[in-house]
Amino acid sequence: MFISKFVVTTAIFLALNIHLCVIGNTSSSHPKGHLQPLGSHQPAEGHVEVLEVIPSPKQFYENYVKASKPVIFKGAAKMSPGFNLWSDDYLRSQYGDVIVRVDYGKKENRERSADPMPLAEFLDLYNSSDRYLVDTLPDQLWKEYNLLPCITCGGFTKGLQDAVLWFSSGGTKSFLHMDTVENINCMMSGTKEWFFVDIRDSHHVELDHKEGDYSSVDVDHVDMYAYPGLQHVPWWSAHLDTGDCMYVPYGWIHQVTSISRNIAVNIWWTPDLEFNDSDCQVAMETGPGVSLDDFQFTPAEQFRFMIIKLIENNGGQVDFKEVQKLLISEHTGTPLMDEEVFSKFDMDGDNYLTVSDLKIVPVKTFHEELEEFETGNISPIRRH
Ligand SMILES: *[C@@H]1O[C@H](CO)[C@@H](O)[C@H](O)[C@H]1NC(C)=O
């Protein structure tokens, strides 16, 4: 009796041990998604909302911009003349001589530089190489690309920064990164897959390259040990079809993969602009066909935004010494403001820059004093 009870206990103990071993093995195996493509760690929270009708500027501002929520505008890119025009033959015959900036490599690498070349030369080689055209949309093509009606008034156009062309034969992969700008991206040809992290979950993602707000994680083989925040990060998926546009809110970390002959154009504008739709009546009467040529781009507004953020993060005011330390060029690492420029921004002359100073600095002053912020120069690195 006693012995048999002992045997049973031992058997249970052994069984438990084996069980514990199995558990032990499981927990020492790798985190889900380790060395797999981004997004393998858990299913997406869902797909970005898709709208069939473009909202009014007010609805767009309230429901998406202010709410920080991405949204897809189904088929909206088809309103731009370029959507039907931009075949290789057309681009070559009309704009073959235009000089464009062409990157090496479809997988993003910010160390490699780009080559300028005529568009015709790029068209000759893009199908049989991994070259990738990333550049401000050449001026000559601005008349063939429309601003979406939801941003043609209400304040959005006061902060237009850049229109950027992304052209390849597909298979491009960006870094996981975020932009400090608002963005609408339109697919003129091909499709794109997006991985998104809500700005409210962005603390999960280690952006180890602070200077460019990107993570150097290999998006094809995610190292879950080097980037442990990615083990459980909630994410959203988005599929952009040919002809679709998408709003990408400021601060949403994302990664983009392109598929097949790919032409996208995106518009960047400065965040935190004051919304006021008093000019929208006029804009509506002009109709939806408004090309980029009809708008003034003021990339320097981004500078106002960045200095305001910097002031807010430093207790509401900064003196010249702090500005020298905090405000440095992303490219050269040198201070952006000398004492003379500082005094031009210090509107009330109290030797401190405050938000109220910055709000009334004329945009002209940013352009004049901070040459880096001329149109085109604002996107010397790939940010998409
Ligand atoms: C490149 O390939 C696309 C199809 O993917 C085709 O439409 C285009 O005409 C090709 N361009 C050249 C220059 O061969």
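The analysis underlying the following values was restricted to heavy atoms, covering all of them including side chains, and did not include hydrogens, waters or symmetry mates. Counting starts at 1 for both ligands and their atoms, following the listed order.
The aromatic rings of Tyr145 and Trp86 lie parallel to each other, with less than 30° between the two planes, well short of the 60° mark. Classification of the Phe156-Phe275 ring pair by plane angle, with boundaries at 30° and 60°, yields tilted.
For the pair Arg131 and Tyr104, the distance from NZ or CZ to the six-membered ring centre is under 6.0 Å and the angle to the ring normal is within 45 degrees.
In this structure, ligand 1 sits under 4.0 Å from heavy atoms belonging to Asp88, Arg92, Leu123, Tyr126, Asn127, Arg261.
Heavy-atom contacts from other residues, nucleotides or ligands closer than 6.0 Å to NE2 of His232 number 12 or fewer. Within 6.0 Å of the NZ atom in Lys143, the count of heavy atoms belonging to other residues, nucleotides or ligands exceeds 12.
When the options Asn262, Asp103, Asn266 are evaluated for a side-chain hydrogen bond (donor to acceptor under 3.5 Å, both in side chains) with Trp166, the one that passes is Asn266.
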